[in-house]
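None of the values given here were measured: they were computed from a predicted structure. Per chain, numbering begins at 1; letters A, B, ... match sequence-line order.
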Amino acid sequence: MEEEAEEEEVYEQEEREEEGEVVRYGEALPEPPEGKKVYLLSVEYDAQKGKAYLKLVDEDGNVYAYYDRTNHKPYLITDVPPDKIREIPQIAKSKEFVDAIRVRKYNALTGEYLQLTKLMATDPLAIGGKPNSFREMLPRVWEAKIRYTSCYTYDNGLLPGMPYMVYDGSIRPYPNDLTPDEEAQLRRIFEGETEDYVAQAFKYFPLLISAAPDVKRAALDIEVYTPRENLVPNPEEAKFAVISTAFSGSDGRKVVYLLMRDEAELPRGESADLPRDVVVEQVNDEAELLRKTFKTMEEYPLLLTFNGDNFDLSYLYHRALNLGFRKDQIPISLSRDQAYVMNGWHLDLYKFFKNAAIQIYAFGGAYKGFTLDEITKALLKKGKIAVPPALHGLTTGQLAAYNFNDAEITLELTTFQDSLVMKLIFLIMRISRLSIEEVVRLGISGWTRSAIFAAHREKNYLIPNQSDLAVKGTVQSKAIIKGKKYQGAIVIKPTTGVYFDVAVMDFGSLYPSIIKEYNLSYETIDCPHPQCRSNKIPGTDHWVCTIWQGIFSTYVGLIRDFRIKWFKKKAKEATDPQAKVWYDVVQRALKVFINASYGVLGAETFPLYTPSVAEATTAMGRYAITQTTKKAQDMGIRVLYGDTDSVFLYKPAEEQLDQLSQWAEKTLRIGLEVDKRYRYVVFSELKKNYLGVTPSGQVDVKGLLGKKRNTPEIVKKAFNQILQVLANVKDEKEFESAKQDIKKIVKDVYSRIKSKQFSLEEVSFNIMLNKNLSTYTKTTPQHVKAARMYVAVTGKPLGPGEVISFVKVRGGEGVKPTELASVDEIDLDKYIESLRSTLEQILDALGLSFDEIIGVTDLSSFIQFKRGAMVKRGPATSL
DNA sequence: ACGTGTAACAT
DNA sequence: ATGTTACA
């Protein structure tokens with residue numbers, strides 16, 4: 001009996017974790033004092049009390065809990081009437097059954113109100129998550145897979161990330177009224193929109209202007225002893241001692257706890273790298289070190305790590321158990337792939353920065369890989385301090401310095417640029433309606449899901465099941481790429497050559513604009529009304545509703561309008577630097593949501609997956625760019641190139657640009673603006689492959705091999721030298737001398753390669769490993785070959801995300817890891833080929849031939865050019 | 001757990 | 001022809 005009970009307990013906990021509910025022990029948080037301004041950071045579920053609660057923090061870093069007083073219960077929606085529910089014994093007789101009541105819900109797919117049943121339970125697991133949950137026993141259910149804490153958030157209109165206060169014993173939003181001026185401005189920018197749209201705009205607006213708190217926080221990093229080099233300690237086993245832990249706090253606290261035991265095998269010593277204000281506490285006992293670490297952790301509401309979910313916190317937890325700690329002495333709780341801290345929140349920044357939407361849209365792709373070193377180098381302009389990758393041979397002082405530096409730069413990831421990242425996280429919480437830890441853990445699909453589910457609940461729409469949307473799922477177009485679901489964008493074939501005076505016009509946020517302006521949403525596409533059937537999407541048989549306003553369209557439209565009409569504008573105009581930073585963060589957060597809004601509709605994993613809407617969006621996009629091209633040609637403007645949402649126009653007159661813009665606004669109802677001007681553009685023969693020089697001499701390079709990170713440095717260098725030359729070309733006349741300069745650059749690098757005048761690093765290819773090494777079974781690409789050789793020789797494991805550096809050699813496998821190769825064995829011909837393909841992309845367009853340039857070369861005749869004559873450049877006379 | 005289109009290179 | 005990577 002006892003064993004069974006125990007088993008059930010374990011099972012329940014695992015189930016809860018599966019469902020994403022955090023099991024935290026030792027919750028003993030006070031309620032916020034009356035009138036105190038507190039920020040809602042998470043909504044959680046207390047399984048012991050059977051209640052949801054709000055977890056909040058004040059500006060001093062104190063954490064509070066506010067338990068549900070509305071007697072809200074977990075529930076699902078079903079079409080089985082309440083009296084029939086009561087006839088199902090497994091439900092009605094279950095101790096978790098609370099009630100089944102009739103509810104009215106709007107079915108957006110049919111436009112009808114439905115009489116449905118709300119089946120309530122005492123516990124979220126009774127609704128779903130166990131084999132015998134209620135949702136498994138009913139033929140049709142809705143909204144049964146929404147996490148209970150989210151359900152509670154939406155139903156109570158809670159806004160994670162916003163300030164609250166307790167007033168007269170109950171929680172309510174902290175007063176935050178719009179100024180009359182703001183209200184008037186808002187009305188102005190939403191003039192002409194429907195009443196519902198404006199009402200929602202007023203609801204959203206406070207979320208975007210309310211200041212984010214600078215939450216007290218600390219970053220933690222730990223170092224573990226390893227008996228040999230390149231051994232990555234397993235956190236679940238936690239076999240080796242934690243020899244050092246470091247904290248860097250937003251309150252300025254800097255501390256390292258350092259184990260001074262013989263087992264650590266570290267020579268004692270000072271480190272010049274350790275900042276003076278870091279306190280190093282020497283500890284003689286590992287358990288004591290862990291106790292101190294745990295105590296410091298608990299002094300901060302927000303704990304930051306870089307990979308703490310999978311390493312640091314997991315290691316500390318298991319190590320503490322190994323050392324005889326009781327679970328209640330460890331302020332950490334682990335789920336399958338996440339670590340939580342008691343009485344606070346843990347953010348694993350690795351997960352946040354690895355999020356593609358954050359990497360690309362919020363940071364413009366500033367970092368490519370996801371190591372702490374690479375991200376901090378790109379964003380903070382400084383990385384990890386130089387120490388050997390293994391801790392072997394370090395003195396205690398060096399270890400402390402290394403350990404502290406990691407904690408410090410982890411903290412800095414949240415403090416740089418006026419705490420940009422914290423602000424971003426708060427804005428994402430508010431828009432997505434998710435708790436802080438969920439924001440950091442989930443991707444754009446999860447954020448959008450939550451935001452749109454909340455909109456459904458607010459409007460009393462039934463959230464459809466994916467299967468309900470199957471009727472809208474028929475795609476009509478055929479994708480060009482094998483394996484894709486529907487056709488995408490158009491790329492206009494470039495007119496190869498050099499063109500002076502080019503204007504680039506583009507449709508800003510093309511797909512979101514289409515979704516808003518053409519009312520695209522799962523319920524409005526191919527709607528049931530006969531009178532809408534003539535409202536066709538060009539090039540398809542899809543039609544769009546003219547009666548209902550699409551819920552997805554509204555959501556996308558609001559975010560787009562706020563970004564373009566308010567925050568981007570204000571960011572530009574603002575004079576107060578702090579205000580400017582805020583406007584910029586908001587527009588970036590909105591950009592993250594807006595840019596991914598179309599993509600999720602075409603993602604099978606998105607609950608409102610509607611490929612027909614995604615297809616209609618791209619079809620409309622194709623229509624927009626082709627119509628624009630036609631119009632431009634009718635006006636006598638040559639269209640040199642175009643991609644998805646842009647057209648490159650040759651020598652257009654200013655009035656023509658205005659005229660085209662007005663035409664687009666009027667006939668397509670999408671904004672078309674001049675995005676860029678180029679003094680000249682060089683188009684290769686390939687699509688997505690050109691370079692443009694702006695009037696200020698800045699060179700934009702798109703898609704050219706010379707820009708790609710896998711191209712060897714020696715080739716890139718020559719490529720960049722050519723760009724330097726091109727940047728200084730002002731008109732057609734100057735091209736002739738520029739061509740001579742370029743020829744010299746090509747000859748020079750050619751001879752450098754031929755005469756082996758390079759370092760190994762200069763000739764290395766750098767390619768990222770995207771999968772585990774063992775999973776490359778179909779083919780073995782060169783970087784995988786090199787990586788396997790590296791592992792075989794050094795024993796150091798290589799995993800996904802790591803950039804493999806290798807060189808091409810004669811004989812053997814044809815490649816070697818850069819670290820294991822020598823200049824003698826380099827296969828020079830391979831590099832000449834790489835140089836050729838990279839430079840030909842430019843040379844061809846300039847009317848130069850790579851072969852001719854190197855063919856006429858006599859090795860001895862251009863040694864003189866090696867003294868760097870090509871770097872300095874004036875108007876073309878000297879050459 | 002966003003999408004499709006284009007290109008290069010190796011297998 | 002296909003797999004893999006990088007980019008727009």
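Within 4.0 Å (heavy atoms only), A/G488 reaches sugar-phosphate atoms of the nucleic acid but no base atom. Counting non-hydrogen atoms under 4.0 angstrom, A/Y361 reaches a base of the nucleic acid. Heavy atoms of A/L442 sit under 4.0 angstrom from primed sugar atoms or phosphate atoms, though from no base atom. A/Y511 comes within 4.0 angstrom of nothing in the nucleic acid, heavy atoms only. A/A614 comes within 4.0 angstrom of nothing in the nucleic acid, heavy atoms only. Contact annotation for A/K808: backbone-only contact, meaning every heavy-atom pair under 4.0 Å involves sugar-phosphate atoms and none involves a base. When heavy atoms are screened at a 4.0 angstrom cut-off, A/T780 is found touching the sugar-phosphate backbone but no base atom. Using a 4.0 Å heavy-atom distance criterion, A/K493 is classed as making no nucleic acid contact. Within 4.0 Å (heavy atoms only), A/Q487 reaches sugar-phosphate atoms of the nucleic acid but no base atom.
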Cut-off 3.5 Å, no hydrogens considered: what does the side-chain donor-acceptor table look like for residues 760-770 of chain A, sequence neighbours left out?
from: A/E762; atom 1: OE1; to: A/R752; atom 2: NH2; distance (Å): 3.0
from: A/E762; atom 1: OE1; to: A/S759; atom 2: N; distance (Å): 3.0
from: A/E762; atom 1: OE2; to: A/K717; atom 2: NZ; distance (Å): 3.0
from: A/E762; atom 1: OE2; to: A/R752; atom 2: NH2; distance (Å): 2.6
from: A/S764; atom 1: OG; to: A/E761; atom 2: O; distance (Å): 3.0
from: A/N766; atom 1: OD1; to: A/S805; atom 2: OG; distance (Å): 3.3

Can you give me every donor-acceptor pair (side chain of residues 509-521 of chain A, partner residue at least two apart or in another chain, under 3.5 Å) with its distance?
from: A/S513; atom 1: OG; to: A/G508; atom 2: O; distance (Å): 3.4
from: A/S513; atom 1: OG; to: A/S509; atom 2: O; distance (Å): 2.7
from: A/S513; atom 1: OG; to: A/R560; atom 2: NH1; distance (Å): 2.9
from: A/K516; atom 1: NZ; to: A/E193; atom 2: OE2; distance (Å): 2.7
from: A/K516; atom 1: NZ; to: A/D561; atom 2: OD2; distance (Å): 2.9
from: A/Y518; atom 1: OH; to: A/L668; atom 2: O; distance (Å): 2.3
from: A/N519; atom 1: OD1; to: A/G550; atom 2: N; distance (Å): 2.7
from: A/N519; atom 1: ND2; to: A/C545; atom 2: O; distance (Å): 3.3
from: A/N519; atom 1: ND2; to: A/W548; atom 2: O; distance (Å): 2.8
from: A/S521; atom 1: OG; to: A/E523; atom 2: OE1; distance (Å): 2.6
from: A/S521; atom 1: OG; to: A/I551; atom 2: N; distance (Å): 3.4
from: A/S521; atom 1: OG; to: A/F552; atom 2: N; distance (Å): 3.0

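Applying the side-chain hydrogen bond (donor to acceptor under 3.5 Å, both in side chains) rule to A/Q698 yields the partners A/D700; only residues at least two apart in sequence or on another chain are considered. Qualifying salt bridge (Lys or Arg N to Asp or Glu O under 4.0 Å) partners for A/K568, counting only residues two or more places apart in sequence or in other chains: none.
Contact footprint of chain A on DNA chain B: nucleotides with an atom under 4.0 Å from a non-hydrogen protein atom, first to last in 5' to 3' order, B/dA1 to B/dT11.
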Candidate pair A/Q841 and A/S684, rule side-chain hydrogen bond (donor to acceptor under 3.5 Å, both in side chains), full reasoning: CA-CA 6 Å; A/Q841 291 184 340; A/S684 80; over 6 Å; no
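A/F719 does not carry A/K707 over the face of its six-membered ring by the limits of under 6.0 Å from the centre and within 45° of the normal.
Judged by distance alone, the side chains of A/Y154 and A/S450 do bring a donor and an acceptor atom under 3.5 Å apart.
Nearest-nucleotide mapping onto DNA chain B: of A/G599 and A/K687, the residue sitting toward the 5' end is A/G599.
Around NZ of A/K830, the count of heavy atoms belonging to other residues, nucleotides or ligands within 6.0 Å does not exceed 12.
No donor-acceptor distance shorter than 3.5 angstrom exists from the side chain of A/E840 to the backbone of A/S837, with no hydrogens or angles considered.
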Scan nucleotides 3-8 of chain C nucleotide by nucleotide, 5' to 3', and note B when protein non-hydrogen atoms come under 4.0 Å of the base, S if they reach only the sugar-phosphate, - if neither. SSSBSB
